[in-house]
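Structure first, then comments.
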Amino acid sequence: MTAPQDASVASLHSRIPGGPLAGKWDKHRLELKLVSPANKRKFEIVVVGTGLAGASAAASLAELGYQVKVFCIQDSPRRAHSIAAQGGINASKNYPNDGDSVDRLFLDTIRGGDYRAREANVYRLAQVSGAIIDHCVAQGVPFARDYGGQLVNRSFGGAQVSRTFYARGQTGQQLLVAAYGALMRQVAQGNVKLFPRSEMLELVVSGGAARGIVVRNLIDGSVECHAGHAVVLASGGYGNVFYLSTNSKASNVTAIWRAHAKGAFFANPCFTQIHPTCIPVHGVRQAKLTLMSESLRNDGRVWVPKNAGDPRRPEEIPEDERDYFLERKYPSYGNLVPRDVASRNAKQVCDEGRGVGPSRHAVYLDFSGAIRRVGIETIREKYGNLFDMYERITAEDPYATPMRIYPAIHYTMGGLWVDYNLMSTLPGLFAVGEANFSDHGANRLGASALMQGLADGYFILPYTIGGYLAGTSLPAVSTAQPEFREAAESAMSKVKKLMSIQGRRTPDDFHRELGLLLWNHCGMSRNDAGLRAAKARIPEIRDEFWRNVKISGSPSEFNQVLEQAIRVGDFLEFAELLVEDALTRTESCGCHFREESETPDLEPLRDDANFSHVAAWEYGGPGRPSKLHKEPLAFENVSPTQRSYK
Ligand SMILES: Cc1cc2nc3c(=O)[nH]c(=O)nc-3n(C[C@H](O)[C@H](O)[C@H](O)COP(=O)(O)OP(=O)(O)OC[C@H]3O[C@@H](n4cnc5c(N)ncnc54)[C@H](O)[C@@H]3O)c2cc1C
């Protein structure tokens with residue numbers, strides 16, 4: 001039986017159930033204590049975030065009978081960053097009959113993550129993947145179908161089967177509309193209270209357990225406290241620490257960083273994913289990068305001219321003078337190698353001077369062969385909205401000339417450390433979706449973030465949170481208690497301090513400087529000297545930020561400059577941990593490429609003897625170093641080998 005959890009003890013115990021891999025989740029579900037239907041309504045659960053992870057969790061918990069309060073930054077839950085997801089969601093249904101299975105999805109995911117994820121979590125993810133598709137179809141998600149009405153699949157990187165379900169290039173939008181529908185149904189029934197335009201600024205810990213949050217109302221600046229029996233953070237990823245990324249501009253680290261400062265360990269912060277196919281940076285004032293979905297690599301071929309500095313237009317370069325470098329180096333997977341491999345290779349050819357376009361920091365993604373093979377209408381049907389988006393941004397017609405693409409920051413595998421129950425080191429604090437570190441190791445495979453967020457929200461958390469609530473004795477708390485008052489005062493005093501500075505540089509200016517520093521020294525490849533330089537510079541930027549930031553307007557009105565300043569303040573603290581983690585991990589693995597650790601043919605070289613662990617950092621306090629804890633990773637069902645996609 002699962003031991004009752006002592007609310008006062010924080011530990012790095014992963015709580016992976018014993019027994020054979022395939023039976024662990026069923027066994028665990030059976031052993032988890034249950035909250036009886038009549039008692040569920042006595043529990044209040046606070047959910048921060050309404051992306052796919054938060055909306056699915058909140059809707060499912062309310063459906064079970066819990067009282068739920070849900071918070072988001074945007075004016076509507078439907079505007080969460082998840083809506084941007086384009087290409088699809090994986091599941092091991094094996095509909096194309098091409099050899100997929102739960103075991104194969106597990107193997108691809110654990111290998112894709114370069115053996116830096118827990119076997120038990122990844123296996124569970126593969127096991128529940130099929131149920132996600134059934135559930136979403138029942139909700140009415142319009143996944144692509146063939147002429148006969150059957151669901152169809154396409155391929156994504158790091159897999160040799162087609163297992164990705166999709167709704168044109170708008171999969172995230174369709175899934176989010178469905179999760180939103182489920183959520184709003186519960187709002188209408190009175191089981192969910194929705195707080196849009198509310199930003200969590202503090203976690204409240206009482207009796208050693210997470211018992212509430214402090215939020216700032218973004219319309220009038222007022223600060224409110226909310227209590228609950230458990231808190232779920234579904235606040236998304238922190239890729240925007242790099243300033244330029246494919247993430248929504250509102251994506252941030254604040255909720256998980258403030259929870260970290262209250263005792264929740266932060267795992268693998270340096271594991272940030274670079275996506276190979278984004279529209280290249282085109283100017284110094286640019287604020288955002290646009291993704292071109294990985295699904296395009298099903299039909300698009302990546303190439304550069306064989307000769308450096310070739311001035312010709314792509315159409316004028318004959319076949320034998322083109323280098324299809326992914327197909328040449330990785331014949332088994334070709335253009336569908338995982339993202340880390342595709343990104344590094346694009347950088348390599350650009351570093352050799354063979355990049356294309358005005359900046360020479362781009363490679364071609366060419367559809368001419370596919371258009372000749374299947375016809376322009378088929379390509380339009382599959383990717384039309386992505387092609388339109390590309391044309392609107394670049395003023396070039398990708399049906400007629402190859403797209404130009406370059407890697408960009410896209411996703412963060414790091415996040416709050418969670419155990420098998422998705423609970424952090426702080427009892428009662430759960431993290432789901434991109435906000436946790438759980439399933440993707442050092443590199444996430446395409447179409448698996450949506451799978452993980454919805455697995456967490458629909459199929460895992462609703463069980464495990466019940467186990468916690470049923471097995472823990474939780475005294476009543478009130479927002480009048482000193483812990484709430486102190487947390488609210490701390491949130492307000494930070495806002496006051498920011499408003500009082502009235503310096504000369506905007507929050508955006510500081511953010512841009514931090515992002516460029518991180519991209520240069522802790523981006524696609526990292527080395528000791530660069531990381532040390534970044535580590536030395538970050539506190540200097542932070543010190544200047546707290547002396548010289550300028551925030552216009554007032555704190556008691558809708559003030560997006562202030563919002564940004566609060567988030568940048570947290571990015572400036574978090575960035576130091578990100579770099580520290582990258583410095584400490586002297587191996588290369590997945591997206592974390594340390595130049596000192598490479599094979600003779602320039603592939604990343606893992607160091608399993610020293611780094612087969614999750615790095616979980618404990619907050620050290622302002623200005624004090626964080627403490628590293630290591631959760632060893634045991635591989636009983638797969639043998640970590642040097643990854644090869646050749
Ligand atoms: C352009 C793009 C395309 C993608 N395409 C795919 C794809 O095809 N397949 C795939 O699997 N993955 C894809 N991804 C990744 C995937 O979209 C994300 O990982 C996933 O949607 C994250 O969902 P989430 O629910 O964890 O967080 P999010 O969707 O980021 O939601 C975060 C929520 O938290 C709220 N929030 C944040 N901070 C606070 C705070 N302090 N207080 C209150 N609320 C807060 C926000 O308001 C929001 O509601 C893509 C990502 C991008 C950027």
Side-chain angles (χ1 to χ4, degrees), residues 46-58 70-91 132 154 156 164-176 179-180 183 194-203 213-216 218 232-240 245-248 250-259 273 275 277-279 288-295 339 386 389 408-413 415 431-436 440 444-454 456-457 491 563 566-567 570:
V46 168
V47 178
V48 178
T50 60
L52 283 172
S56 59
V70 66
F71 300 82
C72 67
I73 291 172
Q74 291 83 359
D75 57 345
S76 157
R78 262 179 36 186
R79 285 195 221 284
H81 157 71
S82 289
I83 205 155
Q86 300 173 349
I89 173 168
N90 287 332
I132 298 171
R154 58 187 172 198
F156 261 62
T164 305
F165 294 78
Y166 63 98
R168 297 187 81 194
Q170 307 164 343
T171 316
Q173 179 178 349
Q174 298 303 334
L175 293 171
L176 191 60
Y180 169 79
L183 178 68
L194 181 62
F195 297 84
R197 289 271 190 233
S198 297
E199 182 154 19
M200 168 187 157
L201 292 186
E202 290 291 341
L203 178 77
I213 61 171
V214 174
V215 297
R216 182 169 171 273
L218 298 179
V232 180
L233 298 186
S235 52
Y238 51 82
N240 275 346
S245 90
T246 61
N247 288 193
S248 119
S251 296
N252 68 88
V253 79
T254 292
I256 54 175
W257 182 251
R258 303 275 172 108
Q273 176 165 83
H275 197 297
T277 57
C278 303
I279 298 181
K288 169 95 186 65
L289 292 174
T290 305
L291 175 77
M292 287 288 105
S293 168
E294 179 163 312
S295 59
R339 291 171 179 181
L386 300 171
M389 192 163 44
I409 294 288
H410 178 63
Y411 180 87
T412 46
M413 281 76 67
V432 293
E434 198 173 336
N436 74 26
H440 308 294
R444 173 176 75 78
L445 290 185
S448 58
L450 303 186
M451 173 174 65
Q452 180 231 328
L454 290 180
D456 287 0
E563 277 177 42
I566 293 171
R567 294 173 201 150
D570 289 327

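Note that the numbering runs from 1 along the sequence shown for the chain. When a ligand or atom number is given, it counts from 1 through the structure's own listing order.
Of the polar atoms of S251, none of the N or O atoms is found under 3.5 Å from an N or O of ligand 1, judged by distance alone. Polar contact check, A80 against ligand 1: no nitrogen or oxygen pair lies under 3.5 Å apart. Considering backbone and side-chain N/O of L52, one or more are found under 3.5 Å from N/O of ligand 1. No N or O atom of A435 sits closer than 3.5 Å to an N or O atom of ligand 1. Looking at ligand 1, you'll find an N or O of G87 within less than 3.5 Å of one of its N or O atoms. Here's the thing with Y411: none of its N/O atoms is less than 3.5 angstrom from an N/O atom of ligand 1.
Using 4.0 Å as the threshold, I89 has no heavy atom nearer than that to any atom of ligand 1. Ligand 1 is never approached by T171 to a heavy-atom distance shorter than 4.0 Å. Ligand 1 lies out of reach of G446, whose nearest heavy atom is not under 4.0 Å from it. At a 4.0 Å cut-off, not a single heavy atom of Q452 sits close enough to ligand 1 to count as contact. Assignment of G453 to the shell around ligand 1 is not supported, since no heavy atom sits closer than 4.0 Å. A234 counts as a contact of ligand 1, since one of its heavy atoms falls under 4.0 Å from the ligand. A heavy-atom separation below 4.0 Å is not found between G172 and ligand 1.
One option in I83, V47, I73 has a heavy atom closer to atom 36 (N) of ligand 1 than any other, and that option is I73. Nearest to atom 2 (C) of ligand 1 by heavy-atom distance, out of Q86, R444, H410, R567, is H410. Of the listed residues (A55, G236, G54, S245), the one carrying the non-hydrogen atom nearest atom 27 (O) of ligand 1 is G236. The nearest non-hydrogen atom to atom 43 (C) of ligand 1, considering only S198, S56, A255, C278, comes from S198.
If you check which protein heavy atom lies closest to atom 29 (O) of ligand 1, you get S82 OG, 2.5 Å. Scanning all protein heavy atoms for the shortest distance to atom 38 (N) of ligand 1 gives N252 ND2, 3.4 Å. For atom 26 (O) of ligand 1, the closest heavy atom belonging to the protein is E434 N, 2.9 Å. When only non-hydrogen protein atoms are considered, atom 46 (C) of ligand 1 lies nearest to Q74 OE1, 3.5 Å. Nearest protein heavy-atom neighbour of atom 40 (C) of ligand 1: M200 N, 3.6 Å. Among protein heavy atoms, the minimum distance from atom 7 (C) of ligand 1 is reached at G88 O, 3.6 Å. Counting only heavy atoms of the protein, atom 10 (C) of ligand 1 lies nearest to L450 CG, 3.2 Å. Ranking protein heavy atoms by distance to atom 4 (C) of ligand 1, first place goes to A85 CA, 3.3 Å.
In this structure the side chain of S198 never reaches within 4.5 angstrom of the side chain of L218, judged on heavy atoms. With a 4.5 Å cut-off on side-chain heavy atoms, S82 and T50 do not count as touching. With contacts defined as side-chain heavy-atom distances shorter than 4.5 Å, the pair R154/F165 does not qualify.
Checked for salt-bridge contact, E202 and R258 meet the test: a charged N lies under 4.0 Å from a carboxylate O. Electrostatic pairing of E199 and R567 counts as a salt bridge here, judged by a charged N lying under 4.0 Å from a carboxylate O.
Only side-chain heavy atoms of L291 come within less than 4.0 Å of ligand 1; its backbone N, CA, C and O stay farther off. Of all the heavy atoms of R258, none lies under 4.0 Å from any atom of ligand 1, so neither backbone nor side chain is involved.
Crowding of R78 atom CZ: a count of heavy atoms from other residues, nucleotides or ligands under 6.0 Å not exceeding 12. Applying the 6.0 Å contact sphere to CZ of R197 captures more than 12 heavy atoms from other residues, nucleotides or ligands.
When atom types are taken as modelled, the side chain of E434 and the backbone of S235 share no donor-acceptor pair closer than 3.5 angstrom.
Side-chain atoms of R339 and Q273 form a donor-acceptor pair, as typed in the model, at a separation below 3.5 Å.
Nearest heavy atom pair, residue A250 against residue I73, reads O-CD1, 4.1 Å.
Using cut-offs of 30° and 60° on the angle between ring planes, the pair F195 and F71 is parallel.
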